[in-house]
Amino acid sequence: MTTVNSVRDLHVLLVEPSTTQAHLVQRMLENAGVASVDIVSSGADALAALAQEVPGRVLISSLYLPDMAGTDLVEALRLDVRHTALPFLLISSETRPQRLEGVRQSGACMILRKPFTSDELARALNAAVDYLNPPAELDIEEIEALRVLVVDDSFASRQHLQRLLKSLGIEQIMLCNNGKEAVAILGESMVDLVITDYNMPEMDGAALVDYIRKQSWQSDVPVLLVTSEQNKGRLAAVERAGVSAICDKPFDAASIRRLISDALR
C-alpha cells in the first residue's frame, strides 16, 4: 500500500462544471503542492473515473453539478464499499444548513466555503492526508482494548466514525441509532467512551448526556458530542450537563484523535 505522507502524495479528482472555476482551483491545488489533478465536470464522470483505483485519491467537488448535487455524489460514494473511506472535500457558497446536511452526515473531511483562501485549502488538504494516513497520536496503553459506544441516527455518520476509530487501533466499537438504544447498551455493557450525535429521534444527545451523568451506573464515562447543531444555546446546555468535548460536523481525523485523547485523559 502506498503511504500518503504529504500533500504531494495526493491525487485529486476535481468535479467542477465551470471551466473557469476548475482552472482556478487547479492552480490553487498546484500552488499548495498537489502534483496530480484530474478534472471532470459531472457526478457521473466522477463515479466513472473512480472505477480506477488510485492511491492517495481525494475527491473535491462543487455542490451544484449538472446531473446531481455534491451531496448526492458523496452519498453514492459511501454506498460503494470501494469508496467508503475516500476523502471528500466540498466547495460551495451555500450557507443553508439543510442543503449541506447530507455532506456533514456522510463524512466529508471539510466544507470549503467560496471564496476560500490558500490557507483554508491547505488545511483541508492536510486533513485529507491525515485521514488517509492517520499518525498514532493517542498515548493510551492498550488502545485496542478500549470499548467505544457510537450513537448516531445517520448510518453514514456511524460508518464514518467507525472507520476513524478503527484507524486509531480501536476495535471494540458498538453502534446504535439513538439515545434510547444507548441507554439499553449502557445498562448491560461497560464502555470507556461514548461518542454521540445531538439531533436524534426517540432520545437526543442532550437527554442521553443527562441520563448518563444522573442515572447511569457509568456516570463518569467520557462523552464526546459530534454534531452539526448550530444553536449555541442548546450546545451550551449540553456542555453544562457534563459532555466532555464537542466536535462540529464535518470533522477530520486529527480533531477526533485530539478530542478522544483529551476526553480519556
Side-chain angles (χ1 to χ4, degrees), residues 1-5 9-10 50 53-59 74-89 103-110 124-178 181-182 185-186 189-197 200 205 218 221-228 244-265:
M1 178 181 291
T2 302
T3 301
V4 178
N5 293 314
D9 299 322
L10 297 177
L50 291 172
E53 293 190 21
V54 177
R57 174 82 85 184
V58 175
L59 185 64
V74 69
E75 287 169 6
L77 291 175
R78 299 314 184 213
L79 291 174
D80 188 327
V81 294
R82 298 172 299 172
H83 307 314
T84 55
L86 180 75
F88 182 89
L89 309 178
V103 175
R104 294 181 189 279
Q105 298 291 356
S106 296
C109 287
M110 192 169 290
L125 293 172
N126 284 320
V129 171
D130 207 30
Y131 186 81
L132 289 167
N133 187 38
E137 276 182 7
L138 288 177
D139 185 19
I140 303 170
E141 280 188 274
E142 299 179 351
I143 189 171
E144 66 277 3
L146 286 174
R147 294 154 298 194
V148 179
L149 175 60
V150 174
V151 192
D152 200 310
D153 62 315
S154 165
F155 173 79
S157 188
R158 289 196 304 274
Q159 295 303 304
H160 183 49
L161 278 165
Q162 185 178 43
R163 288 192 299 272
L164 286 181
L165 292 172
K166 286 188 174 181
S167 76
L168 301 177
I170 299 172
E171 292 294 335
Q172 298 187 62
I173 305 167
M174 293 167 279
L175 307 175
C176 61
N177 294 309
N178 55 57
E181 292 183 9
I185 291 175
L186 289 168
S189 304
M190 186 173 181
V191 301
D192 299 299
L193 174 68
V194 176
I195 302 179
T196 181
D197 188 24
M200 298 180 291
Q218 303 185 70
V221 65
V223 180
L224 171 60
L225 186 73
V226 180
T227 181
S228 57
S244 305
I246 297 175
C247 182
D248 292 333
K249 292 181 181 178
F251 47 82
D252 58 76
S255 295
I256 289 293
R257 274 200 312 278
R258 174 175 48 80
L259 290 172
I260 290 176
S261 179
D262 290 346
L264 293 176
R265 189 178 299 124

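All residue numbers in this chain count up from 1 along the given sequence.
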Please find the pair of heavy atoms, one from Ile195 and one from Leu161, that lie closest to each other, and give the distance.
CG2-CD1, 4.1 Å

Between Met190 and Arg147, what is the shortest heavy-atom contact and its length?
O-CD, 3.6 Å

Min side-chain heavy-atom separation Ile185-Cys176 under 4.5 Å
yes

Just verifying a value: how many Å separate Glu75 CD and Phe155 CZ, rounded to the nearest 0.5 Å?
12.5 Å

When you measure from the side chain of Gln218 to the backbone N and O of Leu186, does any donor-acceptor pair fall under 3.5 Å?
yes

To the nearest 0.5 Å, what is the distance between CZ on Arg57 and CG on Leu10?
11.5 Å

Just so I know, are the side chains of Ile173 and Lys166 near enough to count as touching, which here means a heavy-atom distance under 4.5 Å?
yes

Taking all non-hydrogen atoms of both residues into account, name the closest pair between Met200 and Asp153 and its distance.
CG-OD1, 3.7 Å

Any side-chain heavy atom of Leu77 sitting closer than 4.5 Å to one from Leu50?
yes

Taking atom CG of Asp197 and atom CG of Leu225, what is their separation to the nearest 0.5 Å?
7.0 Å

Are any non-hydrogen side-chain atoms of Val194 and Val223 less than 4.5 angstrom apart?
yes

Could you tell me whether the side chain of Leu146 reaches within less than 4.5 Å of the side chain of Leu193, counting heavy atoms only?
no

Heavy-atom distance under 4.5 Å between the side chains of Met174 and Ser189, does that happen here?
yes

What are the two closest non-hydrogen atoms of Asn5 and Asp9, and how far apart are they?
N-OD2, 2.8 Å

Distance-minimising heavy-atom pair for Thr196 and Gly205
OG1-CA, 4.1 Å

With a 4.5 Å heavy-atom cut-off, do Arg158 and Asn177 have their side chains touching?
yes

Write down the atom of Gln159, the atom of Leu175, and the distance for their closest heavy-atom approach.
NE2-CD1, 4.0 Å

